[in-house]
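Notes follow the structure.
Basis for what follows: all heavy atoms, side chains included, without hydrogens, waters or symmetry-related copies. Quick note on labels: first sequence line is chain A, next is B, and so on, each numbered from 1.
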2 protein chains.
Amino acid sequence: MPAIETMNTAAKRGRPGYDQDSVLTIAVELFNQHGYEATSMGKLADRLGISKSAIYHHVPSKEDLLRLALDEALIPLEAVVQDEHTHQRSADERLELFLRETFRILIAKRPCVTLLLRLRGNTELERTALARRRELDRKLAELVTLAQSEGSLRVDLEPRATARLLFGMINSVVDWYREDGPLNASALEQDAISMVFEGLHAHKK
Amino acid sequence: MPAIETMNTAAKRGRPGYDQDSVLTIAVELFNQHGYEATSMGKLADRLGISKSAIYHHVPSKEDLLRLALDEALIPLEAVVQDEHTHQRSADERLELFLRETFRILIAKRPCVTLLLRLRGNTELERTALARRRELDRKLAELVTLAQSEGSLRVDLEPRATARLLFGMINSVVDWYREDGPLNASALEQDAISMVFEGLHAHKK
DNA sequence: GTCTATAATGCGATAGAC
DNA sequence: GTCTATCGCATTATAGAC
């Protein structure tokens with residue numbers, strides 16, 4: 001029979017009694033509030049209600065907390081490229097799916113995506129994450145170009161600028177969307193998608 | 001005759017020989033690179049090539065640098081509200097002018113606007129600046145509502161969400177526009193404005 | 001307008017006890 | 001899984017010389 005003490009490993013409730021995931025969740029919250037660089041392990045310890053050194057039992061360094069959080073945003077965002085490529089036919093449909101799925105990940109992983117969007121590239125880790133982000137920009141611009149050549153999108157807009165503006169609008173949601181707020185996520189998604197494809201102007205009959 | 005030494009006060013070139021404005025310009029650059037909280041007076045001193053204490057000759061505190069920078073962004077942005085209200089007739093035209101003028105200030109005062117957009121509200125000064133920003137959001141949402149009631153804008157979009165998405169798209173420009181880059185500012189302005197009003201879809205004949 | 005020197009505090013991380 | 005104590009260095013800001 002295994003020793004009864006091994007059950008403690010799985011026990012996540014208690015009082016403090018943190019594991020890596022629960023530490024990470026609070027850490028990301030603080031990183032978003034003060035910026036990664038300005039968030040000290042001391043502030044994080046205070047917020048967790050434990051000592052600084054106790055944090056190092058769960059995670060080897062401050063930078064590892066950042067790495068874990070960025071992967072939690074980037075891995076699903078990168079999976080969108082695979083998804084839309086597999087299922088859809090026209091570039092127009094693929095573009096819409098790309099934007100919708102990005103929006104949904106942004107809502108589902110809002111704290112981690114927020115952290116990603118605020119990186120400045122001051123360390124090698126940050127620069128690597130920013131390079132992965134730029135690759136997503138490139139894929140979106142590629143889809144815009146493709147949809148233009150298929151005739152479903154206006155051709156007078158520069159594809160790379162258009163991709164940046166599209167991501168700019170979608171990504172801005174992390175700055176003001178709140179789960180407990182008055183706005184419904186799927187209605188917001190519909191408004192954003194409809195606005196970029198059809199425009200604000202009322203159609204003339 | 002005034003003493004010849006008084007000329008030094010006006011002389012801005014020399015080697016170091018900084019004045020408040022030149023210190024502020026470099027400070028804002030560093031605030032944007034590392035975040036305000038994470039930018040130390042020591043790093044700023046290193047970047048300026050002078051000692052920490054020399055900075056305090058030009059500015060009374062780190063927070064005053066932030067205050068000066070935020071005013072440089074907020075005062076012209078707030079003036080837009082006056083401008084568009086005075087000159088234009090229809091809410092539709094006023095809305096377009098509001099967005100175009102905001103875009104232009106964003107390009108002209110990019111470093112200071114960038115700093116403003118990244119605030120998290122961790123001090124009283126930051127919270128005051130964020131309240132001034134929210135007032136601009138409110139004015140834009142008001143214009144959207146007005147344009148809807150005049151019949152020039154579709155009425156199926158929620159005005160406050162629409163205002164946030166519009167600002168989100170326009171504001172995102174600070175993250176990727178570069179004065180020395182391949183994109184022309186007025187062409188970019190035209191693309192953004194045309195995209196939000198007419199949409200991405202090619203018009204059916 | 002700049003310097004050196006200094007004060008008091010906070011930083012990321014580690015050692016080792018319980 | 002948490003603690004106290006500690007290391008070596010960075011932090012904002014001030015005092016006072018030149």
Pairing residues for A/R94 by the salt bridge (Lys or Arg N to Asp or Glu O under 4.0 Å) criterion, not counting sequence neighbours: A/E84

Which residues satisfy the side chain to side chain contact (heavy atoms under 4.5 Å, CB included) test with B/A108, sequence neighbours excluded? none

Report yes if at least one side-chain N or O of B/S40 is closer than 4.0 Å to OP1 or OP2 of D/dA10; otherwise report no. no

Any chance you could list the contact pattern along nucleotides 13-18 of chain C? Use B for base contacts, S for sugar-phosphate-only contacts and - for none, protein heavy atoms under 4.0 Å, 5' to 3'. BBB---

How are the rings of A/Y36 and A/F31 set to each other: parallel, tilted or perpendicular (split at 30° and 60°)? perpendicular

For B/E63, check salt bridge (Lys or Arg N to Asp or Glu O under 4.0 Å) against everything at least two apart and list the hits. none

Residue-phosphate contact under 4.0 Å: A/H57 side-chain N/O, D/dG1 OP1/OP2: yes

Euclidean distance, atom NZ of residue B/K43 to atom P of D/dC9 [Å, nearest integer]: 17 Å

N/O donor to acceptor pairs below 3.5 angstrom from side-chain atoms of residues 71-82 of chain B, sequence neighbours left out:
from  : atom 1 : to     : atom 2 : distance (Å)
B/D71 : OD1    : B/R132 : NH1    : 3.0
B/E78 : OE1    : B/R132 : NH2    : 3.0
B/E78 : OE2    : B/R132 : NE     : 2.8

When you measure from every atom of DNA chain C, which of residues 23-38 of chain A have a heavy atom less than 4.0 Å away? none

State which residues pass salt bridge (Lys or Arg N to Asp or Glu O under 4.0 Å) with A/R160; sequence neighbours excluded, sorted by chain then number. none

Find the distance B/L44:CG to D/dA10:P and express it as a whole number of Å. 17 Å

Does a nitrogen or oxygen in the side chain of B/H58 sit under 4.0 Å from OP1 or OP2 of C/dT2? yes

Mind calculating the distance between CG (A/D46) and C1' (C/dG10) to the nearest angstrom? 11 Å

Looking at residues at least two apart in the chain, or sitting in another chain, which of them share a side-chain hydrogen bond (donor to acceptor under 3.5 Å, both in side chains) with B/S40? none

Find the distance A/I55:CD1 to C/dC11:P and express it as a whole number of Å. 11 Å

So if I take every side-chain heavy atom of B/A54 and compare against D/dC3, D/dG1, C/dC3, which nucleotide ends up nearest? C/dC3

Please give, in whole Å, the distance from D/dA13 C1' to B/D64 CG? 13 Å

Residues in side-chain hydrogen bond (donor to acceptor under 3.5 Å, both in side chains) with A/S149, at least two apart? none

Are A/R104 and A/S186 close enough that a side-chain donor and a side-chain acceptor fall under 3.5 Å? no

Looking at every strand, decide which applies to A/S51 at a 4.0 Å heavy-atom threshold: base, sugar-phosphate, or nothing. base

